[in-house]
Amino acid sequence: MAIITLTTDFGLKDPSTGAVKGAILSELNDITIVDISHEVSPFHISEAAYIIKNSYKSFPKGTIHIIGVDSEITPENKHIALQLDDHFFICANNGIMSLIASEINPQKIVEINIHDNVETVFPVLDIFVKVACHIARGGTLDVIGKNISKIKQISKFNPIVNEQQNQIMGHVIYIDNYGNVVTNISRKLYETIGKGRNFVISARGVTFKKVYENYSDAIDFTKPKETRGADGKKLAIFNTANYIELAIYKSNPQNVGSASTLFGLALRDTVNIKFE
Amino acid sequence: MAIITLTTDFGLKDPSTGAVKGAILSELNDITIVDISHEVSPFHISEAAYIIKNSYKSFPKGTIHIIGVDSEITPENKHIALQLDDHFFICANNGIMSLIASEINPQKIVEINIHDNVETVFPVLDIFVKVACHIARGGTLDVIGKNISKIKQISKFNPIVNEQQNQIMGHVIYIDNYGNVVTNISRKLYETIGKGRNFVISARGVTFKKVYENYSDAIDFTKPKETRGADGKKLAIFNTANYIELAIYKSNPQNVGSASTLFGLALRDTVNIKFE
Amino acid sequence: MAIITLTTDFGLKDPSTGAVKGAILSELNDITIVDISHEVSPFHISEAAYIIKNSYKSFPKGTIHIIGVDSEITPENKHIALQLDDHFFICANNGIMSLIASEINPQKIVEINIHDNVETVFPVLDIFVKVACHIARGGTLDVIGKNISKIKQISKFNPIVNEQQNQIMGHVIYIDNYGNVVTNISRKLYETIGKGRNFVISARGVTFKKVYENYSDAIDFTKPKETRGADGKKLAIFNTANYIELAIYKSNPQNVGSASTLFGLALRDTVNIKFE
């Protein structure tokens with residue numbers, strides 16, 4: 001049974017998501033549809049990219065991913081379908097795929113050209129569903145588009161390393177459900193530049209001298225529970241996506257506050273690592 | 001495989017939706033359950049009607065739609081099941097079906113009468129699921145209710161046309177995930193009354209003299225990106241449901257504001273079209 | 001077809017839920033995955049317990065329930081899998097199961113011990129999914145853990161009865177999507193202690209002398225609609241979970257206010273019943 005995933009900025013109230021699922025089920029009655037997220041901030045392609053990048057690999061090879069963010073077709077925003085890492089992606093060519101797959105070359109890219117007979121204000125419903133169902137039935141990309149060799153690139157979201165190679169200037173790319181702050185500094189970049197040297201991570205007024213592997217590594221479980229002051233402790237860790245994350249141990253954004261609120265950090269705010 | 005959709009005001013945190021899905025799966029192990037929306041505002045039948053009206057048609061004929069909004073049974077709020085447009089709907093007879101299907105005659109309506117042995121504070125779980133599973137197994141409506149010829153009508157949500165036939169007085173019926181403002185003025189009514197005349201749409205302080213077919217039609221792509229000032233531009237379009245929508249191009253309610261906040265428009269606020 | 005349910009505090013935006021579903025589908029291609037809730041407040045095990053307790057029984061026997069709340073493994077927070085009431089549960093041994101199943105003895109409990117080769121910051125993805133898929137394939141609990149005889153107990157969420165047996169001191173355990181206030185006082189405890197005596201329920205400034213069976217029982221339908229002042233009326237009822245709930249008839253938290261806001265009641269606030 002083929003799998004189609006949905007990642008959109010439609011939210012969970014509007015009729016859009018239901019309509020898209022209905023259209024898929026009208027074409028294919030033996031299909032698994034999985035919501036990855038419909039809570040992407042409107043038109044926010046870097047947020048959508050972070051969400052997809054950190055979930056698509058869990059799905060089986062051959063899964064078809066529809067990305068419905070900033071997808072209206074314009075002279076500058078064509079639609080593409082691509083095969084990459086043995087998965088299929090259908091989205092607008094607005095740079096989002098360069099954020100998802102910065103280190104992986106697509107196996108095949110086509111610019112979708114089945115629009116000729118379709119006037120639409122809702123391309124996810126009227127175009128992306130048709131393409132996804134075509135792929136789910138085993139159809140080739142060539143039938144629904146013309147080959148292109150490159151996708152649109154966006155590089156402004158990459159961290160910068162200074163000339164002396166002792167500083168990484170990154171920024172906040174995502175705030176998660178716990179209010180923890182994800183940076184664009186990967187473990188790989190940190191290790192390549194840091195080479196084991198001591199360092200200070202700084203972001204606004206807050207600093208960190210260690211990056212933990214697990215949240216609970218920051219806690220001393222040999223101390224009695226009452227005196228160890230664990231909940232609410234600040235720490236930096238490599239998160240499940242292998243990026244440096246600035247966190248509060250067991251934070252609840254609704255009462256005690258979160259890393260984002262307590263550190264005063266928002267999307268795009270600067271996070272630097274200075275090595276000795 | 002039969003399809004049952006769910007549209008409710010249960011929200012996404014409470015146990016209600018999980019319980020309903022579990023109950024369906026306890027009766028039928030080969031069923032597709034699709035969430036249309038659980039984020040309807042509490043007891044808000046016109047909002048629920050808008051969401052269902054603009055999603056149900058995408059589903060295959062024969063799909064069964066459970067509507068769990070304002071569904072407690074009272075002397076004034078009986079339960080009904082109906083076949084309409086080759087789909088099945090199960091809901092309270094509170095007027096919601098007249099909003100969903102104002103222009104379509106139901107093929108069959110029954111007032112559900114399987115309540116005799118069921119004391120319940122949760123009719124969606126205890127009544128609607130039973131009815132839906134009965135229909136999914138191929139059962140007829142006659143078995144679970146008695147025929148009635150009419151559903152309760154609500155007309156207060158229709159726009160009004162003045163005697164001179166040069167003005168449509170409508171109002172806001174829905175605010176979408178982008179904060180765009182949907183009116184109850186359909187393309188059909190606009191064309192029937194307007195007959196191609198010039199017009200002004202006015203809503204609070206804001207006016208529009210054109211209704212676009214696509215969001216991007218309002219943008220002049222021949223100008224360089226920097227000077228065209230597209231993002232944040234106000235426009236009126238026919239939305240995917242073919243109603244007039246007042247929008248902000250690529251609005252993000254979380255930062256730049258939305259049509260709803262920038263125009264100061266809320267549900268039920270007046271939107272008029274005056275023709276020359 | 002086996003069923004796996006998910007109850008977590010991941011929220012609906014982050015990649016976590018999508019990743020977990022992808023991992024399940026990578027192991028099993030013939031599986032039904034059902035979201036119970038991903039909107040549990042971060043680390044809030046009593047809220048998660050309330051949600052699961054009031055939904056799991058609707059599912060067929062044999063359903064596998066993954067609980068991803070406060071699930072990081074620590075010296076004090078081991079992972080368990082258990083069979084209880086003919087359902088399977090996979091969670092951390094943090095007391096949550098004692099809240100879900102205070103009156104039911106587990107049929108079998110194992111402490112999961114497949115962690116040896118797994119370094120993880122995301123145990124739901126890397127451990128719980130493996131255990132759930134093992135059970136879904138018909139595997140036994142013995143293969144993935146060692147038998148233990150007891151689960152961690154939490155009793156601080158139980159109501160207290162005074163010595164004279166004429167007062168129940170409970171508190172608020174859940175606020176639902178309508179803003180209604182659920183207490184931890186069950187119908188059973190109320191009947192056992194009350195023995196049909198008159199009583200007063202008090203919570204902050206608000207009191208109730210009757211507990212209804214249905215919301216609409218509080219309304220006099222023999223009066224004309226305009227004069228009966230039903231919407232917004234305060235009442236106490238036995239909710240669908242058979243706990244005493246303090247409610248507002250047809251409250252909409254977004255405009256008229258809800259029981260929670262109008263009565264000024266939050267989680268853990270005291271609710272007492274005094275019998276004559």
Side-chain angles (χ1 to χ4, degrees), chain B residues 1 6 8-35 38-45 47 68-78 92 94 115 118-126 129-130 133 175 254 266-268, chain C residues 1-3 5-7 11-12 32 34-41 47 50-61 63 65 87 174-180 182 212-217 219 221-222 225 230-231 237-242 245 248-256 258:
Chain B
M1 185 149 54
L6 304 175
T8 77
D9 59 2
F10 297 165
L12 288 157
K13 178 175 182 173
D14 289 0
S16 314
T17 302
V20 166
K21 291 181 180 177
I24 294 171
L25 291 165
S26 290
E27 289 215 31
L28 300 168
N29 62 14
D30 198 34
I31 185 78
T32 298
I33 304 171
V34 180
D35 300 301
H38 298 289
E39 296 285 25
V40 175
S41 302
F43 303 99
H44 205 308
I45 63 171
E47 211 176 73
V69 178
D70 185 30
S71 59
E72 200 191 5
I73 196 161
T74 72
E76 289 159 359
N77 206 27
K78 304 289 189 183
N94 52 19
H115 301 79
V118 188
E119 259 296 327
T120 177
V121 279
F122 193 177
V124 175
L125 181 70
D126 295 319
V129 164
K130 279 192 176 54
C133 292
I175 312 267
Q254 287 160 38
L267 279 181
R268 297 207 191 86
Chain C
M1 184 151 52
I3 300 168
T5 80
L6 304 175
T7 306
L12 288 157
T32 298
V34 180
D35 301 301
I36 290 183
S37 181
H38 298 289
E39 297 284 23
V40 176
S41 302
E47 210 175 75
Y50 178 82
I51 292 168
I52 293 167
K53 185 173 183 164
N54 293 300
S55 55
Y56 88 84
K57 287 188 180 109
S58 294
F59 287 86
K61 303 279 180 191
T63 297
H65 305 279
H87 289 248
Y174 194 77
I175 312 268
D176 78 9
N177 191 53
Y178 307 91
N180 291 332
V182 183
Y212 290 96
E213 295 290 330
N214 291 292
Y215 296 99
S216 59
D217 287 347
I219 309 308
F221 285 96
T222 62
K225 203 163 189 171
D231 293 10
I237 72 154
F238 293 112
N239 75 1
T240 187
N242 261 319
E245 175 183 309
I248 296 284
Y249 189 68
K250 293 203 179 180
S251 66
N252 184 340
Q254 288 159 40
N255 42 45
V256 293
S258 68

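Each chain gets a letter, A, B and so on, in the order the sequences are listed, and its residues count up from 1.
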Visitor: For atom CG of B:Asn29, is the number of surrounding heavy atoms from other residues, nucleotides or ligands below 6.0 Å larger than 12?
Guide: no

Visitor: Taking the side chain as everything from C-beta on, heavy atoms only, tell me whether B:Val121 gets closer than 4.5 Å to C:Phe238.
Guide: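 Not touching, per the 4.5 Å side-chain cut-off.
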
Visitor: Ignoring hydrogens, what is the shortest heavy-atom contact between B:Pro15 and C:Ser55? Give both atom names and the distance.
Guide: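 Heavy atoms only, the tightest pair is O-CB, 3.6 Å.
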
Visitor: Does the side chain of B:Asp9 come within less than 4.5 Å of C:Tyr178's, by heavy atoms?
Guide: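 Touching, per the 4.5 Å side-chain cut-off.
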
Visitor: Please flag which part of B:Ile73 lies under 4.5 Å from any non-hydrogen atom of chain C: side chain, backbone, both or neither.
Guide: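 Answer is backbone: N, CA, C or O of B:Ile73 sit under 4.5 Å from chain C.
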
Visitor: Pick one of side chain, backbone, both or neither for B:Phe43, based on which atoms fall under 4.5 Å of a heavy atom in chain C.
Guide: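 It is the side chain, since no backbone atom gets that close.
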
Visitor: Contact part of B:Asp14 toward chain C, heavy-atom cut-off under 4.5 Å: side chain, backbone, both or neither?
Guide: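 Both backbone and side chain.
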
Visitor: Counting heavy-atom pairs under 4.5 Å with chain C, which one of B:His38, B:Glu76, B:Glu27 comes out on top?
Guide: B:Glu76

Visitor: For C:Thr5, which atoms come within 4.5 Å of any heavy atom of chain B: side chain, backbone, both, or neither?
Guide: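 Looking at C:Thr5, nothing touches chain B.
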
Visitor: Please report the shortest heavy-atom distance between B:Thr74 and C:Tyr249, naming the atom on each side.
Guide: CG2-OH, 4.3 Å

Visitor: To the nearest 0.5 Å, tell me how far C:Thr32 OG1 sits from B:Leu25 CG.
Guide: 6.0 Å

Visitor: For the residue pair B:Lys21 and C:Ile36, establish whether any side-chain heavy-atom pair is separated by less than 4.5 Å.
Guide: no

Visitor: At a heavy-atom separation under 4.5 Å, does B:Thr120 approach chain C through its side chain, its backbone, both, or neither?
Guide: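 The answer is the backbone of B:Thr120.
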
Visitor: What part of C:Ile52 gets closer than 4.5 Å to chain B, counting heavy atoms only: side chain, backbone, both or neither?
Guide: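 Contact with chain B involves no heavy atom of C:Ile52 at all.
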
Visitor: Could you pull out the closest heavy-atom pair between B:Ser26 and C:Pro60, with the gap in Å?
Guide: OG-N, 3.2 Å

Visitor: As an exercise, state the distance from CG of C:Asp35 to CG of B:Leu12, rounded to the nearest 0.5 Å.
Guide: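 Here the interatomic distance stands at 9.0 Å.
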
Visitor: Can you tell me which of B:Gly22, B:Gly18, B:Ser16 forms the most heavy-atom pairs within a distance under 4.5 Å of chain C?
Guide: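 So the answer, after comparing B:Gly22, B:Gly18, B:Ser16, is B:Gly22.
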
Visitor: Between C:Glu47 and B:Lys13 (salt bridge meaning N to carboxylate O under 4.0 Å), is one present in this structure?
Guide: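 Yes.
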
Visitor: Which distance, rounded to the nearest 0.5 Å, do you find between the CG of B:Asp30 and the CE of C:Met1?
Guide: 6.0 Å

Visitor: Can you see which heavy atom on C:Ser58 is nearest to which on B:Ala19, and at what distance?
Guide: CB-O, 3.2 Å

